[in-house]
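Note that the coordinates shown come from a computational prediction; the quantities given were computed from them, not determined experimentally. Read the numbers this way: they start at 1 and go in the same order the structure lists the ligands and their atoms.
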Amino acid sequence: MKYLEKNKNITEFSNFRTPARAKYFFEVSSRSDIEKVYQICAWAKSEGVSILFISGGTNMLFAFEEYDGVVIRNVLVWWNYDSETHILETCSAESIWEIAEDLEKKHNQDLWHRFIWLPGSIAGAVYGNAWCFGLETENNFVSCEVLNLETGAIEIILKENMWFSYRSSRLKEEKKYFIISACFDLSEKVEKYHSDVDNIDFRENKQPNGMSCGSFFKNPSREQSAWYLIEQVWLKGYKIGGAYFSEKHANFLMHDGQGVFGDMIDLIKLAQSKVRVKFNIELENEVQIITNKK
Ligand SMILES: Cc1cc2nc3c(=O)[nH]c(=O)nc-3n(C[C@H](O)[C@H](O)[C@H](O)COP(=O)(O)OP(=O)(O)OC[C@H]3O[C@@H](n4cnc5c(N)ncnc54)[C@H](O)[C@@H]3O)c2cc1C
């Protein structure tokens, strides 16, 4: 397949920065690349080769040395906010955090204040219905423009057809779309619940900086936080090779920059097994562990 780069170093494309390569690689940087994405995906399907889309890379752990398929990295940028209609249109690789900050500074629009300091792109936020203190991506979502990987058609999916739920969407369930852009209506504040938490203070003072993908495990229930369970099995601050759980927030799995993916997996398995034995609870990961599916 002529568009593909081979043997690409992709270490920098996941926020964990564990060393990784891709057998094949393509970067989507303009609208004219969208047709190529379809051709690459059709080729991959015919060859039985897997595909991985990456935008911000803040929700994925590479659990391989070499990805045995095609990594398609999205760098589609451009956005516009219309202060009269309150409509935000944005390409999918734009940073949701930077848009939220600019909306406040340049457009006096603070509806997305909660998204300031939320790492990742619009694509990642829409795909996983990213959420911060009562504000979910779905709240002001109108539609998104996608490439249908099965037909090659460019389609608009409206909110009512997006099947948004807790940290999920139709795009995550069906896995047959590449997200090109999205549209939001910021004329009305819609929150799942009200929270008095100062999100900027919270991010600065209660969460660690460094190589992580945020909270690694889902909270098993409203009453049981994953960080509490990890603390109770004495793994807060615990280290295996280059992987450790943060002293500041025990559910933040961190990489010190010197480790390999195996260190991360060993620590994940240790936490799951200790929590299972002590509490009879199965910790499920929030962050996607990307493997070579055989
Ligand atoms: C410090 C820190 C704090 C965090 N706090 C929060 C938080 O408060 N709330 C929260 O919800 N999340 C949080 N996260 C997790 C993460 O930021 C979000 O999940 C974010 O929305 C992921 O976006 P991304 O662009 O990095 O997605 P990626 O990691 O690039 O991808 C996520 C998924 O989307 C798919 N995907 C990416 N681009 C496309 C595309 N163009 N088309 C189709 N599929 C695509 C990928 O294949 C993957 O399955 C945090 C992460 C960090 C590092």
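- Looking at S168, its side chain never comes within 3.5 Å of a backbone N or O of S165 through a donor-acceptor pair.
- Ion pairing of R276 with E282 is present here, as a side-chain N (NZ or NE/NH1/NH2) and a carboxylate O approach within less than 4.0 Å.
- In this structure, the side chain of K278 engages the main chain of Q232 through a donor-acceptor pair within 3.5 Å.
- Donor-acceptor pairing under 3.5 Å is lacking for the side chains of S215 and E286.
- Counting heavy atoms closer than 4.0 Å to ligand 1, residue V287 contributes nothing at all.
- Tested against F178, the residues F26, Y38, F53 include a single ring-ring contact (aromatic ring centres under 6.0 Å, His included) partner, F53.
- Contact annotation for L118 and ligand 1: only side-chain heavy atoms (C-beta onward) come within less than 4.0 Å of the ligand.
- In this structure, K172 has no heavy atom closer than 4.0 Å to ligand 1.
- Distances from ligand 1 to the non-hydrogen atoms of R203 include at least one value under 4.0 Å.
- Ligand 1 does not have F133 within reach: every non-hydrogen atom of the residue lies 4.0 Å or more from it.
- Ligand 1 does not have G128 within reach: every non-hydrogen atom of the residue lies 4.0 Å or more from it.
- Residue L171 places every heavy atom at 4.0 Å or more from ligand 1.
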